[in-house]
Amino acid sequence: MIYPAILERRYREYLPFVDAVASRVKDTMLNFCEKNGYALTSRIKTIESLAEKIETGRFKQWSDLDDLFACTVIIPTLNQEQKVTQFCQDTFEISKIIRRGQNKKSPETFRFDSTRIYAHLKRVEDANADQSLSIFNIQFEIQIKSAFEHAWAVSTHDLVYKSSEIDWKRFRLAAQIKATVEQLDTLILAFEQVSPTIQESDCLEIKRKRQLAVATQDLFKQAKIPPELKPKDITRFCDNLYSILASAGKEDKVQEVIKCIREKVQATPTNKIPLSISLLQYFLAILVDNKIIILPLEKYYYHITEQLITLYPNCFSNVDSAFKYDT
């Protein structure tokens, strides 16, 4: 592709400043994303893409070009969108925000509609405000997409918009997939309201894990167990506890297990419950001490620590199938 000399000259003139802006914005946004569990993608517009954008006829002048650098924040669900927007407003000089759903569209239309933030770096006090070309004059774009939206965009963009042929069926299929993406995002937002409408299947494993979860949470609600021992993820905790029961062939004895744990916990003053071991280790010690679990178990490696052995030497001192920190 051949470009006008003025475009190449202007592009080369701006590129070092765009690179500098890209570096600062990427570092800032990446740090924010890593702290919050989001993902980030970014790009500097190529001269080929820039030429195509100018030829759309939508831009009056060079200074109107708004995405020489652009990045996308990929969030798990749309619930996090406002948090990203607020961070950008606090961090950059905002030119404008086009919010999701702001552009009018008919209900049967499904197309790109992510929130876009257009901004500049905040000018420092000693910066030359009269300088016509500086990093503080380069406008950049930040898009906010859900994980589903991002998957749709990266998987269909080249298939539809970079194709050598214009095909109604391709555009139609991309729109249909986008409709599915919107439905997925909506279902995630309304997860708590929608899930009760699902017809439940009779799954014994889930019922038993639920019983373990309810019993464990009740002990915390009653302040029978110190809050320091509360698992970060009760679902994962119950998966691990149930895995031990299944390895011991006791998965059908959940009520007996709950009764044993509850009686021991309730008979122990809260300040006497050890904080040097995990809740799973504590429950396991109760079950082993009461001979509900007989060690060792085949193909199960226990997380046995020095603190656990010190507290319960008769239960764990001679167990060979323990997780080893040293190879």
Side-chain angles (χ1 to χ4, degrees), residues 30-40 74-76 147 203-327:
L30 188 58
N31 184 53
F32 169 76
C33 288
E34 288 180 345
K35 284 182 179 178
N36 289 279
Y38 309 151
L40 183 77
I74 303 157
I75 51 180
C203 176
L204 274 178
E205 181 176 329
I206 295 298
K207 283 185 176 180
R208 290 164 178 169
K209 289 179 180 179
R210 181 183 177 88
Q211 290 168 352
L212 291 171
V214 170
T216 302
Q217 289 171 321
D218 282 347
L219 290 172
F220 280 104
K221 287 178 183 177
Q222 297 163 12
K224 297 296 184 181
I225 302 177
E228 294 89 340
L229 286 179
K230 191 168 186 178
K232 176 185 175 183
D233 186 339
I234 193 67
T235 301
R236 177 62 60 86
F237 171 80
C238 291
D239 283 343
N240 291 340
L241 180 56
Y242 187 81
S243 179
I244 293 174
L245 299 180
S247 297
K250 301 289 185 178
E251 65 269 31
D252 58 344
K253 304 293 184 183
V254 167
Q255 288 303 320
E256 180 184 346
V257 166
I258 291 173
K259 182 174 182 291
C260 175
I261 291 172
R262 184 183 289 127
E263 288 177 352
K264 176 62 178 177
V265 171
Q266 291 178 338
T268 305
T270 304
N271 61 359
K272 296 295 183 182
I273 292 178
L275 298 178
S276 58
I277 58 177
S278 71
L279 185 66
L280 187 69
Q281 289 176 316
Y282 179 51
F283 281 9
L284 175 61
I286 293 173
L287 298 176
V288 172
D289 194 42
N290 285 271
K291 303 207 169 25
I292 290 179
I293 299 290
I294 308 296
L295 302 182
L297 300 180
E298 187 178 357
K299 295 183 179 179
Y300 190 90
Y301 298 95
Y302 302 91
H303 188 207
I304 298 177
T305 58
E306 291 181 6
Q307 294 86 348
L308 185 62
I309 294 173
T310 300
L311 289 166
Y312 302 97
N314 296 331
C315 296
F316 300 103
S317 295
N318 299 315
V319 175
D320 293 328
S321 55
F323 173 81
K324 293 180 174 58
Y325 281 96
D326 297 320
T327 55

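Annotation: side chain of L204 is not in contact with side chain of D252 (no heavy-atom distance under 4.5 Å). Here the side chains of D218 and K221 are in contact, with some heavy-atom distance below 4.5 Å. The shortest distance between side-chain heavy atoms of I273 and Y282 falls below 4.5 Å. Residues V288 and Y312 form no side-chain contact, since every pair of their non-hydrogen atoms from C-beta on lies 4.5 Å or further apart. Residues I294 and K291 have side chains in contact (heavy-atom distance under 4.5 Å, counting atoms from C-beta outward). The closest side-chain heavy-atom distance from I277 to L311 is below 4.5 Å.
F220 pairs by the ring pair (Phe, Tyr, Trp, His ring centres under 6.0 Å) definition with nothing, not counting sequence neighbours.
Rounding to the nearest 0.5 angstrom, the gap separating the CG atom in L287 from the NZ atom in K264 is 12.0 Å. Here the straight-line distance linking atom CZ of F323 with atom OG1 of T305 works out to 12.0 Å at 0.5 Å rounding. Within the model, atoms SG of C315 and CD1 of I309 stand 11.0 Å from one another, a figure rounded to the nearest 0.5 Å. Atom-to-atom distance recorded for R262:CZ and K224:NZ is 11.5 Å, nearest 0.5 angstrom. Interatomic distance, E263 CD to N290 CG, rounded to the nearest 0.5 Å: 8.5 Å. Once rounded to the nearest 0.5 Å, the distance linking CG of L245 with CD of E256 reads 10.0 Å.
Scanning both residues, N240 and Y300, for their nearest heavy atoms gives O-OH, 4.2 Å. Residues C33 and A39 approach most closely at SG-O, 3.9 Å, considering heavy atoms. In this structure, K209 and D239 approach most closely via the heavy-atom pair NZ-OD1, 2.9 Å. A147 and I74 make their closest contact through CA-CG2, 3.8 Å (heavy atoms, listed as atom of the first residue, atom of the second, distance). Heavy atoms only, all atoms of each residue included: L229 and L279 are closest at O-CB, 3.6 Å. Nearest approach of Y302 to P296, heavy atoms of both residues: OH-C, 4.2 Å.
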**Report entry** side chain to side chain contact (heavy atoms under 4.5 Å, CB included) evaluation trace for L280 with L241
**Finding:** CA-CA 7 Å; L280 187 69; L241 180 56; 3.8 Å; yes
Requested in this report: Start with the C-alpha gap between F283 and F237, add the side-chain angles, then the distance that decides, and say whether ring pair (Phe, Tyr, Trp, His ring centres under 6.0 Å) holds.
Outcome: CA-CA 11 Å; F283 281 9; F237 171 80; 5.8 Å; yes
Report task. Show your reasoning for whether side chain to side chain contact (heavy atoms under 4.5 Å, CB included) applies to Q217 and I234. Result -> CA-CA 8 Å; Q217 289 171 321; I234 193 67; 3.9 Å; yes
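Of the possible polar contacts, one joining the Q281 side chain to the H303 backbone as a donor-acceptor pair under 3.5 Å is found. Using modelled atom types, one side-chain atom of R208 and one backbone atom of E251 make a donor-acceptor pair closer than 3.5 Å. No donor-acceptor pair under 3.5 Å is formed between the side chain of Q222 and the backbone N or O of L219.
Shown here is Y301, whose OH atom has no more than 12 heavy atoms of other residues, nucleotides or ligands within 6.0 Å. Counting non-hydrogen atoms of other residues, nucleotides and ligands closer than 6.0 Å to CD of E306 gives a total of 12 or fewer.
Paired with C260 under the rule side-chain contact (heavy atoms from CB on, under 4.5 Å), one option of I293, D289, I292, V265 passes, and it is I292.
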